[in-house]
Amino acid sequence: MRSVIDVLDLSEQELDELIATALDIIANPAKYAEACHGKKLATLFFEPSTRTRLSFEAAMYELGGNVLGFSEANSSSAAKGESVADTAKTVSCYADIIAMRHPKEGAAYIAAQAASVPVINAGDGGHCHPTQTLADLLTIYREKGTFENLTIGLCGDLKFGRTVHSLINAMSRYAGLKLVLISPQELKVPSYVKQKLKDEHIPYEQTTNLEAVMPKLDVLYMTRVQRERFFNEEDYLRLKDSYVLTLDKLANAKEDLVIMHPLPRVNEISVAVDNDPRACYFKQVLNGKYMRMALMLKLLKEAGKINEY
Ligand code: CP
């Protein structure tokens, strides 16, 4: 049974196909309105979410299917000690596909091993968030028209930010990529991510100074400092406002810079930036729904649960 735990579970060709499907959904929504008629998505969210859960649910409704699930661990039998594997086996009896978010790295993999329906990782701890990356890729493609020869700045919590790790994995497949990793010393990308960049000869630089590197960026991907992954509140409070993007700081940025953020935003981007035409983070939210529609169509078709779409 095909599941998606990491964005690298999808080949470059499959990513291109998902983007093509998403673009077709945007152009011809009526064509897809009954594509998942009679199918059920289970959203198993052991950790809070607004965008991911609701966009998965909206996506399934827009495909003509139905949705069941829970939005917090305490309202499931996990609160009584049920394992992720048993939960996944149980839910496979009720649903055709599962989207699961869990605070523990590897939980989605365990669910996928146990389930008899496709499982989509909707975020597992600080590890991966592949469908956020699908949203990010569609946003970059729609704004830039290409994935090649881009200089991408990733700014903020690069240690715990799972969306950053997934985006690096996905973008590292494209020619001409340059990465600028902007973070406080304590929140640098994990060494396994840096090793991958070295092994694949992807040029990158690390800095603490956002303004100094601003002029060279084609994409600026801001991230939130992940309070929920810190062991002590003092460190979080010291680091939480390390980077706040304001209009002043964009003075030397390219005219066609694409400003992204997976959201939720806490204080990383001033609301004054929202009206700048380069601000793309709410477009990213919408793109996430289209890519989740495309991914569910693909996995349900491969599982033999729907016909051609
Ligand atoms: N970007 C993202 O994962 O948002 P939520 O936590 O609201 O789902």
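Both counts, for ligands and for their atoms, begin at 1 and track the order of listing. Quick note: numbers below take in every heavy atom, side chains included, and nothing from hydrogens, waters or symmetry partners.
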**Q** Determine whether more than 12 heavy atoms belonging to other residues, nucleotides or ligands lie under 6.0 Å from atom CZ of F70.
**A**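 Yes - once you tally the heavy atoms of other residues, nucleotides and ligands closer than 6.0 Å, there are more than 12.
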**Q** Taking H165 for the side chain and L158 for the main chain, is one N or O donor matched with an acceptor at less than 3.5 Å?
**A**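 Such a contact is found between H165 side chain and L158 backbone.
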**Q** Between T163 and ligand 1, find which residue part has any heavy-atom pair under 4.0 Å and reply side chain, backbone, both or neither.
**A**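 Contact part for T163 vs ligand 1: neither.
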**Q** Under the side chain to side chain contact (heavy atoms under 4.5 Å, CB included) test, which residues partner N232, sequence neighbours left out?
**A**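 Result, side chain to side chain contact (heavy atoms under 4.5 Å, CB included) vs N232: E234, D235.
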**Q** In the protein, which heavy atom is nearest to atom 7 (O) of ligand 1, and how far is it?
**A**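 It is T50 N, 2.8 Å.
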**Q** Which residue and atom name correspond to the protein heavy atom nearest atom 6 (O) of ligand 1, and how close is it?
**A**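 That would be R101 NH1, 2.9 Å.
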**Q** For the 3.5 Å polar cut-off, considering only N or O atoms, please tell me whether P264 and ligand 1 meet it.
**A**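 No, no N or O pair falls under 3.5 Å.
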**Q** Is the F147 ring parallel, tilted or perpendicular to the Y141 ring (thresholds 30°, 60°)?
**A**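 Geometry flag for Y141 against F147: tilted rings.
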**Q** Would you call E302-R2 a salt bridge at under 4.0 Å N-O?
**A**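 Between R2 and E302 there is a salt bridge, with a charged N closer than 4.0 Å to a carboxylate O.
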**Q** Within ligand 1, which atoms have a heavy atom of Q132 less than 4.0 Å away?
**A**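 This gives 1 (N), 2 (C) as the contact atoms.
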**Q** How far is atom 4 (O) of ligand 1 from its nearest protein heavy atom, and which residue and atom name does that atom have?
**A**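 That would be R51 NE, 3.0 Å.
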**Q** Out of all atoms in ligand 1, which are within 4.0 Å of some heavy atom of H129? Include the element for each.
**A**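 Result: 2 (C), 3 (O).
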**Q** Is the closest N or O pair between R53 and ligand 1 shorter than 3.5 Å?
**A**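 N/O-N/O distance under 3.5 Å: no.
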**Q** Go through the structure and list residues passing salt bridge (charged side-chain N to carboxylate O under 4.0 Å, His left out) with D276, not counting sequence neighbours.
**A**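 Listed in chain order: R278.
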